[in-house]
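For reference, the structure is listed below as structure tokens.
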Number of protein chains: 2
Amino acid sequence: MFKEKGYAATSMRGLASEVGIEAASLYNHIKSKHDILQEVCFEIAGHFLMNLEEPYDQNLSATERLKIAIENHLHVIIDNIDAAAVFFNEWRHLENEQLQIFKKMRGDYENHFLEILKAGQKSGEFRKVNEKLIALTLFNSMNWIYQRYQPKGKWDSKKIANELAELFITGIKNKN
Amino acid sequence: MFKEKGYAATSMRGLASEVGIEAASLYNHIKSKHDILQEVCFEIAGHFLMNLEEPYDQNLSATERLKIAIENHLHVIIDNIDAAAVFFNEWRHLENEQLQIFKKMRGDYENHFLEILKAGQKSGEFRKVNEKLIALTLFNSMNWIYQRYQPKGKWDSKKIANELAELFITGIKNKN
DNA sequence: CCTACCGATCGGTAGG
DNA sequence: CCTACCGATCGGTAGG
């Protein structure tokens, strides 16, 4: 419901009737409406950040690391498609410290892409680009997929990852 | 306020106090809260669609047409940055026919990118790609820019357009 | 898990 | 443009 109507437009009574109980009964399972949003957002944030913590083989090229980062990112979205939608659209309804923590996590995550781009330019694999612009473009170009991906549809998550990785890597490769 | 808090979480009283009047007085200028959303969404939709209606030189290559489409699209967003944010985030609060019209317009617009990709593959300018996936990726990879673009910041709208166009066109060009 | 209820706030209208 | 107000609905609590 958060995905379809948005956090603010979803009522506790609406959530309750979806589960078949009264609104008051929800409070035996959760502390508040905000609590649900927090749990969803930070659960997904945790999935994304886990991808960063995996130690990577130092021998991997920036190209290979970028490909893995794209694959991992897409898999988190596709494996948690409804929660990912809430994560991307409703995070701004987080409050105070939660919002700060969220923004910090997102920044750290974006920096991962930035660092790979820098490494690739340094090694000569990638051409000279506006790293920040391209890192944000790359990041955001994957984040719409929850809107269109259908679990039983004709798109396969591995094919999507391969196609997007090829698009971007070809797009920033040094020509030669 | 729709941009920062979202449509549902923005109250008429909040809007009114931002303008320095009482909530009731707003209704001398607008019909309803929904009306404001509609006007914002369809104003931007109109800007996007105007880009499609411009007749294009039949001699232009798909590559050149794609570049122009990217430039036009980014300019609409950058020239209407707050309204564009509402357009992208709040359209789902449109109702009934308005929502149907909106989705149809968006579909038509996405098809424009799709057609350029198809034309480029036919002419041999572009390699074989999953056109629909790449068209949606291209479309969505530009739509985050309102989140980060600062009118007085260091990014220039033409530089952004050039850099993104180069990224994508290089990414789908035939190798030779 | 429920009924019953709280104060607050919502979009909007009447009437001036 | 305002005051005054409408019915509806909100998130949440008390008490069982």
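Values below: all heavy atoms of this structure, side chains included; hydrogens, waters and symmetry mates excluded. This is a predicted model, so every value here is computed, not measured. Below, read A as the first sequence line, B as the second, and so on, with proteins coming before strands; counting in each chain starts at 1.
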Residue A:Lys33, side-chain atoms from C-beta onward, closest of D:dA4, C:dT3, D:dG11 |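 Looking only at heavy atoms from C-beta outward on A:Lys33, the closest nucleotide is D:dG11.
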With the side chain defined as heavy atoms from C-beta on, B:His29 is closest, among C:dC1, C:dG11, D:dC1, to D:dC1
Taking for each residue the nucleotide of DNA chain D bearing the nearest heavy atom, is the 5' side occupied by A:Ala24 or by A:Ala9?
-> A:Ala9
Side-chain N,O (A:Ser11) to OP1/OP2 (D:dT9) below 4.0 Å | no
Give the rounded distance in Å between these two atoms: [atom1] of [X] and [atom2] of [N].
X       : N      : atom1 : atom2 : value
B:Lys31 : C:dT13 : NZ    : C1'   : 16 Å
A:Leu15 : D:dC10 : CG    : P     : 11 Å
A:His93 : D:dG11 : NE2   : C1'   : 15 Å
B:Tyr27 : C:dG12 : OH    : P     : 4 Å
B:Ile30 : C:dT13 : CD1   : P     : 10 Å
B:Glu22 : D:dC5  : CD    : C1'   : 13 Å
B:Leu26 : C:dT13 : CG    : P     : 13 Å
A:Met12 : C:dC1  : CE    : C1'   : 15 Å

Please round to the nearest 0.5 Å and tell me the distance separating atom CG of A:Leu133 and atom NZ of B:Lys159.
->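 So the gap between those two atoms works out to 11.5 Å.
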Does any nucleotide pair with D:dG15 by Watson-Crick or G-U wobble geometry, both distances under 3.5 Å, and what is it?
-> C:dC2
Can you tell me the pairing partner of C:dT9 across any strand shown, Watson-Crick or G-U wobble, with both distances under 3.5 angstrom?
->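 Pairing partner: D:dA8.
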Polar contact flag, side-chain donor to acceptor under 3.5 angstrom, B:Asn51-B:His112 = no
For residues A:Tyr27 and A:Asp35, is any side-chain donor paired with an opposing acceptor at under 3.5 Å?
->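 No, because no side-chain N or O of A:Tyr27 sits under 3.5 Å from a partner of the opposite role on A:Asp35.
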Using a cut-off of 6.0 Å, state whether more than 12 heavy atoms not belonging to A:Lys173 lie near its atom NZ.
->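 Counting neighbours around NZ of A:Lys173, more than 12 heavy atoms of other residues, nucleotides or ligands fall under 6.0 Å, so yes.
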Please confirm whether A:Lys33 makes a cation-pi placement over A:Tyr7, using NZ or CZ under 6.0 Å from the six-membered ring centre and within 45° of the ring normal.
-> yes
Whichever of A:Asn28 and A:Arg13 has its nearest DNA chain C nucleotide further upstream toward 5' =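 Mapping each residue to its closest nucleotide by heavy atoms, the 5'-most match is A:Asn28.
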